[in-house]
K.L.:
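Would you mind keeping the following structure in view while I ask a few things?
Just so we're clear, the structure is a prediction, and the values are computed from it rather than from any experiment. The sequence lines fix the lettering, A, B, ..., with proteins before strands; numbering per chain opens at 1.
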Amino acid sequence: MKSVDSGVTADVAAIRAVIRAIPRGRVASYGEIATRSGLPRRARLVGRVLREADAATRLPWHRVLRADGRLAFAPGSTPFREQQQRLAAEGVPVERGRVDIARFGWQRDLDSELWAPPASAARRR
DNA sequence: ACATTGACTCGCG
DNA sequence: GCGCGAGCCAATG
């Protein structure tokens with residue numbers, strides 16, 4: 001018998017969960033999501049999961065980028081523009097088709113905690 | 001059953 | 001920055 005029904009495998013479920021966990025205003029690469037899902041080197045699977053996801057799946061797909069910070073869609077294409085707009089809406093600038101991973105990468109959160117200036121470290125939002 | 005195709009990534013030149 | 005090859009592997013033809 002299958003332990004997972006609804007036609008969704010455990011891997012896909014794990015990937016979806018990780019994507020939904022990306023904080024607002026942050027971005028993550030396909031590879032990082034795969035690794036966090038316990039599936040290193042399975043970046044392509046992440047892409048497949050996103051391609052097959054519909055609106056009902058409710059994934060913050062716009063927070064997923066290529067490892068170098070560029071959007072996965074062709075520059076200027078409709079989905080490219082929509083992703084750029086969604087990111088901008090939550091404070092993530094896309095310049096020359098790419099996001100500054102050093103500043104907006106999910107993994108950067110940890111560094112922020114350790115490197116953040118004391119003055120701003122005290123205030124949250 | 002075989003070949004191609006990707007919302008990918010990384011190392012090398 | 002750019003191109004190549006290798007690794008990845010389910011879906012598609």
K.L.:
So which protein N/O to nucleotides 10-13 of chain B N/O distances come out below 3.5 Å?
P.N.:
none

K.L.:
Could you tell me how far apart A:Ile15 (CD1) and B:dC8 (P) are, to the nearest whole angstrom?
P.N.:
13 Å

K.L.:
Can you tell me how far the CZ atom of A:Arg20 sits from the CG atom of A:Leu59, to the nearest 0.5 Å?
P.N.:
5.0 Å

K.L.:
Is A:Glu32 salt-bridged to A:Arg36, going by a charged N under 4.0 Å from an acidic O?
P.N.:
yes

K.L.:
Produce the list of close N/O pairs, under 3.5 Å, pairing protein atoms with atoms of nucleotides 10-13 of chain C; give distances to one decimal.
P.N.:
residue, atom, partner, partner atom, Å
C:dA10, O4', A:Arg48, NE, 3.3
C:dA10, O4', A:Arg48, NH2, 2.6

K.L.:
With A:Arg51 as the cation and A:Trp61 as the aromatic partner, state whether NZ or CZ is under 6.0 Å from the six-membered ring centre and within 45° of the axis.
P.N.:
no

K.L.:
Please report the distance, rounded to the nearest Å, between CZ in A:Arg44 and P in B:dT9.
P.N.:
9 Å

K.L.:
What distance, rounded to whole Å, do you find between the two P atoms, one in B:dA7 and one in C:dG7?
P.N.:
22 Å

K.L.:
What is the distance from OH of A:Tyr30 to P of B:dA7, rounded to the nearest Å?
P.N.:
9 Å

K.L.:
Looking at A:Ile19, A:Leu45, A:Ile33, which one forms a side-chain contact (heavy atoms from CB on, under 4.5 Å) with A:Leu50?
P.N.:
A:Ile19

K.L.:
Grab the CZ-P distance between A:Arg70 and B:dC8 for me, whole Å please.
P.N.:
11 Å

K.L.:
Measure the spacing between CD1 of A:Ile101 and CZ of A:Arg26 and express it to the nearest 0.5 Å.
P.N.:
10.5 Å

K.L.:
Between atom CG in A:Asp68 and atom C1' in C:dG1, what is the gap in whole Å?
P.N.:
11 Å

K.L.:
Can you identify which nucleotide, out of C:dG7, B:dA7, B:dT9, has its nearest atom closest to the A:Ala72 side chain?
P.N.:
B:dA7

K.L.:
Do A:His62 and A:Glu82 have side-chain atoms, one donor and one acceptor, less than 3.5 Å apart?
P.N.:
no

K.L.:
Looking only at side-chain atoms of A:Arg41, point me to the closest of B:dA7, B:dC8, C:dC8.
P.N.:
C:dC8

K.L.:
How about CZ on A:Arg58, more than 12 heavy atoms from neighbouring residues, nucleotides or ligands closer than 6.0 Å, or not?
P.N.:
no

K.L.:
Could you state the CZ-C1' distance from A:Arg98 to C:dG1, rounded to the nearest angstrom?
P.N.:
10 Å

K.L.:
Is it true that A:Asp68 and A:Arg70 make a salt bridge, defined as a side-chain N closer than 4.0 Å to a carboxylate O?
P.N.:
yes

K.L.:
Using 4.0 Å as the upper bound for N to carboxylate O, is an ion pair formed by A:Arg63 and A:Glu90?
P.N.:
yes

